Amino acid sequence: MHETQNKNDNPGVAKSDRNDVGLSDAQLSQPRRRMLDLVNRLHSTGVQVDIDLPQIAVIGSQSAGKSSLIEAISGITLPRAAGTCTRCPTECRLSHSDSPWQCKVSLRFITDKTGQLLGQVRNETFGPVIYNKAEVEDRIKRAQRAILNPSRPRKDFLVSEEDDSLPNEVNFSSNCVSLQISGPGVADLSFCDLPGLIASVSSKGHANDIALVESLVTSYIKKSSCIILLTVTCETDFENQGAHRLAKQYDPEGKRTIGVLTKPDRIPDGEQIHWLPFIRNEREPLDNNWYCVKQPSSSDIKQNITWDDARKREDDYFSMTSPWNELDSIYLKYLRTKNLVDRLSNVLSDLIAKRLPEIQDELDKTIIKTRQALHSLPRPPSSDPVNEIANMLYEFTADLHQHIDGVPGDDGLLQTIRPVQDRFRQAIRGTAPEFIPFERAKAANKRLEPPNFLVGDDEIDVVDPKEYGESLGAARKVVNEALEDEDEVVPEGKGKKTARKRQAEEMSDDAEESRRIYVDEVFARARKARTRELPGNYPFAVQKTFIVDIVKQWKQPALVYLQTVQTFMLAHTKMLVSKHFSEFGQGILEQRVRSIVHNHLKQCFKRAEERVLWVLETEENPFTVNYHYLSDYKSKFLAYYKSARDRETRGEIAAHIEGRATSRSSAPVASGSTTPSRTPGVIVLDTPTPASKKKRVSESESGSSTPAESGMPAVTKALALLAEVGLVGLKPDDLYKMLPADEMEPAIDIMANVRAYFQVAYKRFSDNIPQAVDHELVRGVERDILKTLCTKLGTNGPHSQRNCAELAQESPQIADRRQDLLKKVERLQTATVELMEIGL
């Protein structure tokens with residue numbers, strides 16, 4: 001039945017049973033035919049969406065003769081009513097087969113009805129398989145109407161009579177009609193008849209139709225494996241046909257473009273000579289040359305001319321019509337459809353032979369890339385969400401515990417907190433009272449050297465302000481906190497300073513002076529504080545006022561330390577939450593866990609803040625049982641202050657005493673006395689004997705001089721004179737006791753007490769605050785966190801299955817993306833199997 005129908009083909013250009021069409025020539029080698037067949041099979045897998053497959057795209061301006069050319073190559077008749085054939089692409093996938101001739105029509109949708117790209121190309125079969133060529137034209141016409149009216153059911157166009165005068169929903173579409181034609185004598189070829197390029201829009205068209213058609217054509221010809229079959233009608237000036245301009249834009253060297261001149265019989269008399277340079281490849285030269293074909297006229301089509309007759313009339317035209325018959329014999333191969341088809345066959349076959357190894361490599365790389373994209377997606381929903389979420393929560397809390405205990409690396413939690421601790425300790429150390437053992441009025445231009453006994457005692461790691469600021473800024477950015485207290489940073493070299501730096505420079509001198517406490521100020525405060533104390537005694541309240549003033553300065557650094565640690569904790573826990581939950585479901589679980597952990601941190605912060613304030617409150621009342629440490633520092637500071645004051649107030653006497661104390665010379669002694677002591681730095685005069693008391697030898701008799709006249713050091717003279725009046729055994733340092741008492745001595749004692757207590761208290765406070773914050777905030781965050789998470793998430797209650805299913809629900813976008821990638825892998829793997837079968 002089918003054979004009989006094939007023999008009675010009557011519409012359009014019919015084909016006799018004696019000749020093959022196009023690439024079905026039996027002389028083609030078997031390997032080449034197998035490669036051509038393979039590319040067709042690759043097209044059938046849909047892999048052309050993912051990689052560039054060799055094919056032929058037929059382009060040209062409207063009414064350039066494309067449809068007639070397609071009919072001559074494929075052996076089928078295309079619709080010719082009201083320009084419908086040019087409104088959407090028509091893809092022809094031809095394959096040779098020994099089975100009866102057949103045609104399968106399908107619709108390929110790459111966009112939805114609104115014109116938006118689909119994530120996955122959709123192929124829909126349009127009607128049953130056609131075994132009679134006479135039915136192809138009507139089926140294509142209906143298929144094109146279905147493409148142009150995407151919102152209507154497809155079956156409506158198969159069964160109902162369509163009125164071509166009715167308007168379509170869209171004028172042009174990038175969705176296409178796909179024809180799969182196979183049978184004896186059918187070419188092994190893939191090509192696509194694209195809508196003709198338009199220069200203007202009709203009254204029924206839309207303003208964007210020109211751009212839409214050009215974009216559609218471009219999407220095909222921009223691919224490097226696309227052979228551009230450029231049709232140019234000879235009845236219109238070459239310069240007025242935009243298809244050539246577009247082909248040259250994407251194939252500027254003309255390596256993959258084959259030019260075809262159509263309708264040579266419509267060239268006005270005398271103008272044929274203008275087209276011959278194309279055939280001689282002198283004008284707009286192409287690697288594969290220009291061809292000229294003549295297809296049946298409208299009257300010939302109405303007479304149901306056969307394919308053999310059409311080719312014979314074409315041959316007669318070029319053999320008997322000037323100037324075509326006057327061309328040199330070398331150019332005759334560029335005339336007639338058969339020569340064009342042979343050239344298409346060779347070019348496409350060569351391209352396929354070149355591309356197949358590359359296609360295999362592209363398939364392998366694309367499969368790897370697609371699988372990587374699949375692996376990068378969140379995990380698919382679990383069949384047991386309750387246990388999966390429970391395991392995730394357990395792993396998260398275990399990881400949190402590990403980070404709180406400490407992990408190696410610069411980005412560890414404890415590593416980021418350590419500079420904050422050092423900065424806090426520096427701030428507390430900076431509140432040390434700066435006592436000056438001089439009166440304010442006499443302190444001008446006097447310099448007090450720092451005590452050397454504190455060197456190495458107050459060692460604190462220096463924190464780089466820039467690194468610290470960058471670290472804190474990054475943490476705040478993670479938790480989306482505003483840097484309200486930070487100054488705007490201006491690049492160096494601009495001659496600008498931050499407001500904080502300018503203010504610091506302006507106030508540095510005044511601030512430094514305000515921190516100094518002079519001895520007369522301490523003494524004045526002590527005198528004002530006396531009530532019923534005995535003379536020379538001063539109440540402890542004086543020392544306490546100084547201590548309270550110092551402790552008040554500790555509140556701000558302590559709270560800033562707490563808030564800074566909280567910032568790093570928020571940033572670190574957010575990072576851990578994202579690490580464990582970001583790829584699960586739609587992100588609902590991650591958001592819920594982050595919110596729960598954040599609230600848990602708030603409670604920990606509140607408890608830590610209460611503990612910090614409690615520690616601050618206890619420091620307001622001076623207290624220590626570290627008596628040895630306090631006493632040791634008091635004696636050191638007392639000596640330090642006294643020494644500095646004595647050098648200032650008793651400098652001359654001190655110089656004499658210190659010079660004499662370090663001298664090893666002895667003072668002369670009076671007659672009758674024993675030899676003085678030779679102990680270095682100490683001078684001791686022995687008691688005179690009783691005989692000397694009874695009888696003194698006069699200076700004139702003994703020939704000795706008085707101590708004042710002997711030229712001895714002043715201290716030695718003084719000690720000698722004191723010995724004469726009975727004060728024997730004195731040392732040079734004992735002379736200080738004979739000097740008038742320093743009225744500021746009680747103030748010096750208070751200064752030493754307060755400064756010594758500061759050393760005890762600040763070190764204690766510098767430990768207690770970080771310890772409290774670590775206990776309540778850092779370690780506190782992991783305390784009962786697993787129980788809190790399970791309770792808040794409802795993973796252990798009676799509705800745990802429902803709650804976990806909701807948390808594990810995957811977003812539609814991710815689900816669609818996964819399906820698209822899975823289908824892509826399937827297409828690529830199917831194409832790989834096809835390649836393996838041919839032995840590539």
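On a predicted model such as this, the values are computed, not experimentally measured, just so you know. Here, residue 1 is the first one in the sequence, and each next residue gets the next number.
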Engineer: Does Gln759 form a side-chain contact (heavy atoms from CB on, under 4.5 Å) with Leu454? I'd like the steps, not just the answer.
Structural biologist: CA-CA 10 Å; Gln759 288 298 118; Leu454 290 182; 3.8 Å; yes
Engineer: Do Leu414 and Val407 come within less than 4.5 Å of each other through their side chains, counting heavy atoms only?
Structural biologist: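 No; the side chains remain at least 4.5 Å from each other.
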Engineer: Does Lys792 have more than 12 heavy atoms from other residues, nucleotides or ligands lying within 6.0 Å of its NZ?
Structural biologist: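 Atom NZ in Lys792 is not packed in, count stays at 12 or less.
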Engineer: Tell me the closest heavy-atom pair linking Ile547 and Tyr757, and the distance in Å.
Structural biologist: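 So the two residues come closest at CD1-CD2, 3.5 Å.
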Engineer: Take a 6.0 Å sphere around CD of Glu533 and say whether it holds more than 12 heavy atoms from other residues, nucleotides or ligands.
Structural biologist: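 Buried by this count: over 12 neighbours within 6.0 Å.
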Engineer: Does Thr573 use its side chain to pair, donor to acceptor, with the backbone of Met569 at less than 3.5 Å?
Structural biologist: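 Judged by distance alone, yes, a pair lies under 3.5 Å.
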Engineer: Restricting to non-hydrogen atoms, name the atom on Phe765 and the atom on Glu619 that form the minimum distance, rounded to 0.1 Å.
Structural biologist: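 Distance-wise, the nearest heavy atoms are CD1-CG, 3.8 Å.
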Engineer: Of all the heavy-atom pairs spanning Thr416 and Asp410, show the shortest one and how long it is.
Structural biologist: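 That closest heavy-atom pairing would be CG2-O, 4.3 Å.
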Engineer: Please step through side-chain contact (heavy atoms from CB on, under 4.5 Å) for the pair Phe396 and Val597, ending with a clear verdict.
Structural biologist: CA-CA 11 Å; Phe396 166 72; Val597 173; 4.1 Å; yes
Engineer: Any idea which heavy atoms bring His600 and Ile785 closest together, and the distance?
Structural biologist: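 Looking at all heavy atoms of both residues, the closest pair is CD2-CD1, 3.7 Å.
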Engineer: Starting at CG of Leu576, measure out to NE2 of His403 and round the result to the nearest 0.5 Å.
Structural biologist: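 Going from the CG atom of Leu576 to the NE2 atom of His403 covers 5.0 Å.
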Engineer: Do NZ/NE/NH1/NH2 and the carboxylate oxygens of Asp767 and Lys763 come within less than 4.0 Å?
Structural biologist: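 No salt bridge links Asp767 with Lys763.
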Engineer: Are His401 and Thr397 side-chain neighbours, meaning at least one heavy-atom pair lies under 4.5 Å?
Structural biologist: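 A side-chain contact is absent here, since even the closest heavy-atom pair is not under 4.5 Å.
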Engineer: His580 side chain to Met392 main-chain N or O, any donor-acceptor pair under 3.5 Å?
Structural biologist: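 No, because the side chain of His580 does not come within donor-acceptor range (under 3.5 Å) of the backbone of Met392.
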Engineer: Provide the closest heavy-atom pair for Val420 versus Phe568 in the form atom of the first, atom of the second, distance.
Structural biologist: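 Between these two residues, the closest heavy atoms are CG2-CE1, 3.7 Å.
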Engineer: Without swapping roles, check the side chain of Ser643 against the backbone of Tyr640 for a donor-acceptor pair under 3.5 Å.
Structural biologist: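 Not at all, since once roles are kept as given, no pair shorter than 3.5 Å links the two residues.
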Engineer: What heavy-atom pair brings Ile750 and Gln543 nearest, and what distance separates the two atoms?
Structural biologist: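 The pair with the smallest heavy-atom distance is CG2-CG, 3.9 Å.
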Engineer: Under a 3.5 Å distance rule, please check whether Ser582 uses its side chain to pair with a backbone N or O of Lys579 as donor and acceptor.
Structural biologist: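 Checked: no pair found.
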Engineer: Could you check whether any side-chain N or O of Tyr762 sits under 3.5 Å from a backbone N or O of Arg425, counting only pairs where one atom can act as donor and the other as acceptor?
Structural biologist: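 A pair under 3.5 Å: no.
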Engineer: For Glu609, does its backbone N or O pair with a side-chain atom of Glu776 as donor and acceptor, under 3.5 Å?
Structural biologist: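 Side chain of Glu776 to backbone of Glu609, a donor-acceptor pair under 3.5 Å: no, none is there.
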Engineer: Using atom types as modelled and distance alone, determine if a side-chain donor or acceptor of Arg530 lies under 3.5 Å from a backbone N or O of Asn537.
Structural biologist: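 Yes; judged by distance alone, with no hydrogens or angles, the pair exists.
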Engineer: Okay, side chain of Glu590, backbone of Gly587: is any donor-acceptor separation there less than 3.5 Å?
Structural biologist: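 Answer holds: no.
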Engineer: Check the surroundings of atom OH in Tyr394: do more than 12 heavy atoms from other residues, nucleotides or ligands lie under 6.0 Å from it?
Structural biologist: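 It does not: Tyr394 OH has 12 such atoms or fewer within range.
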Engineer: Below 4.0 angstrom, N of the basic side chain to O of the carboxylate: do Glu610 and Lys606 qualify?
Structural biologist: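 Result for this pair is no, no salt bridge flagged.
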Engineer: Quick one: does any side-chain atom of Asn599 pair with a main-chain N or O of Ser595 as donor and acceptor, under 3.5 Å?
Structural biologist: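 Present.
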Engineer: Is there a side-chain contact between Phe424 and Gln421 in this structure, where contact means two heavy atoms from C-beta onward sitting under 4.5 Å apart?
Structural biologist: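 Heavy-atom side-chain distance check fails, nothing below 4.5 Å.
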Engineer: Does Gln553 use its side chain to pair, donor to acceptor, with the backbone of Val551 at less than 3.5 Å?
Structural biologist: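 It does not hold such a pair.
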Engineer: Is the shortest side-chain heavy-atom distance between Pro437 and Leu448 below 4.5 Å?
Structural biologist: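 They are in contact (side-chain heavy atoms under 4.5 Å apart), so the answer is yes.
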Engineer: Please round to the nearest 0.5 Å and tell me the distance separating atom CD of Gln402 and atom CD1 of Ile404.
Structural biologist: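 Between atom CD of Gln402 and atom CD1 of Ile404 there are 11.0 Å.
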Engineer: I'd like to check Phe523 versus Tyr538 (side-chain heavy atoms, cut-off strictly below 4.5 Å). Are they in contact?
Structural biologist: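 Sidechains of Tyr538 and Phe523: in contact.
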Engineer: Test Glu521 against every option in Arg440, Arg527, Lys528 by the salt bridge (Lys or Arg N to Asp or Glu O under 4.0 Å) rule and name the one that passes.
Structural biologist: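 That would be Arg440; it is the only one of Arg440, Arg527, Lys528 passing the salt bridge (Lys or Arg N to Asp or Glu O under 4.0 Å) with Glu521.
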Engineer: State the CE-CZ distance between Met751 and Phe637, to the nearest 0.5 angstrom.
Structural biologist: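 If I round to the nearest 0.5 Å, the distance is 10.5 Å.
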Engineer: Taking the six-membered ring for Trp, is the centroid-to-centroid distance between Phe546 and Phe435 below 6.0 Å?
Structural biologist: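 Ring centres of Phe435 and Phe546 closer than 6.0 Å.
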Engineer: Should the pair Glu745-Arg645 be classified as a salt bridge under the 4.0 Å nitrogen-to-oxygen rule?
Structural biologist: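 Arg645 and Glu745: not salt-bridged.
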